[in-house]
Amino acid sequence: MLSLAEVLLRHWPEYERQFGAQILPSHRRAVRAILTCRTRALGGEVYRCADCRRDYFVYHSCNHRACPQCGNADAIQWITRQKLKLLPVPYYLITFTVPEGLRAWLRSHQKAGYGALLQQSAGTLQDLASRDKYLGADLGCLSVLHTWGRQLQYHPHVHCVVPAGGLRADGLRWCRPKSPDFFLPQIVLAARFRNRLRTALQGQADASQIPVLVWRQKWVADVQPVGSGETALKYLSAYVYRTALGAQRILDDADGLITFKYKDSQDQRWHTLSVSAQEFLRRFLQHVLPKGFQRVRYYGWLSPAATTRWQRILALLDWHPSSLPPTPPPPPSLCPH
Ligand SMILES: [Zn+2]
Ligand SMILES: [Zn+2]
């Protein structure tokens, strides 16, 4: 097993020699962060273990979201925060993907393109939910952008975490889905998302470079029930805070080839793939987001600005989220005792 930092230490100088000025500043920043994470370069501090009362010296971490060691660090905090917003209803994970033909444009217009993916997928959900046929109410939704496929290839998509139910526009009633086994139709979601995105991208730079076929083909949306309560949250946090390359996925670095493992979506088994070091770094770096880009967003009555509507929902459901038992803090992972 190898860390990404070890791979970078060996192969980044050559990558930099080869691509020099073409390397984006955001990519350089990510590499610098990962290379210095938990090393002397970032300094450290003395940490006292609460159990054994001994002192240990701990190096600071880089906290860069592309870092496999740090990218998931917020997951536990996220679960705790979400518990305060957890409603006693079933949850759904709804995923929007885009066709191959749109990816080249997205890659070269990341800020505008990714922003549109997040906004238009949330808008699509609201559009359908507001129809009486489906829910006749406003939704709350948490969205997260992923840019990777399982083999680290470029595959932008948006996961939306959606409580199954909504607040009627007049704020007087909480509306449940018509049937417990059905929330929103995948085919209609996909078509609506395609049309919304087409309109949203029309005014964007170089939009004419997007192949016309993209807007004529069938798009894909996936609706998965994920149950309710804390089990659903744990499952969802694995999605929300997943990074392109998790720790412990690089298996080998030999003869210029990097071997890493990935879970196949068809058979759900681990497989391995070997690619040249240069290709591996290229695949990894393409998932570093533009600086400051917000990849997790809240919409509808889950948005931080919707306090009144949120309070209204709690009253309608007669629900007191603060009564949930607190999660015990995780044991410190750094103490060697
Ligand atoms: Zn780090
Ligand atoms: Zn994903």
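Each ligand, and each atom within it, is numbered from 1 in the order the structure gives. Any value given below was found using the heavy atoms of this structure, including those in side chains, with hydrogens, waters and symmetry copies removed.
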Engineer: Considering residues, nucleotides and ligands other than K291, do more than 12 of their heavy atoms fall under 6.0 Å from its NZ?
Structural biologist: no
Engineer: Looking from the Zn ion (ligand 1), what is the angle between SG on C70 and SG on C62, to the nearest 10°?
Structural biologist: 110°
Engineer: Assess the side chains of Y262 and Q151: does a donor N or O sit below 3.5 Å from an acceptor N or O?
Structural biologist: yes
Engineer: Any ion pair linking D55 and R48 (charged N to carboxylate O, less than 4.0 Å)?
Structural biologist: yes
Engineer: Assign the ring pair W148 / H287 to parallel, tilted or perpendicular, where the plane angle (0 to 90°) is split at 30° and 60°.
Structural biologist: perpendicular
Engineer: If you have a sec, read the angle at the Zn ion (ligand 1) from C67 atom SG over to C37 atom SG, to 10 degrees.
Structural biologist: 120°
Engineer: Could D138 and R168 be called an ion pair, given the rule that one side-chain N must be under 4.0 Å from one carboxylate O?
Structural biologist: no
Engineer: Is a donor from one side chain sitting under 3.5 angstrom from an acceptor on the other, for E14 and Q278?
Structural biologist: no
Engineer: Taking salt bridge (charged side-chain N to carboxylate O under 4.0 Å, His left out) as the definition, give me every residue that meets it alongside R29, ordered by chain and number, with sequence neighbours left out.
Structural biologist: none
Engineer: Would you mind counting protein N, O or S atoms that sit less than 2.8 Å from the Zn ion (ligand 2)?
Structural biologist: 3
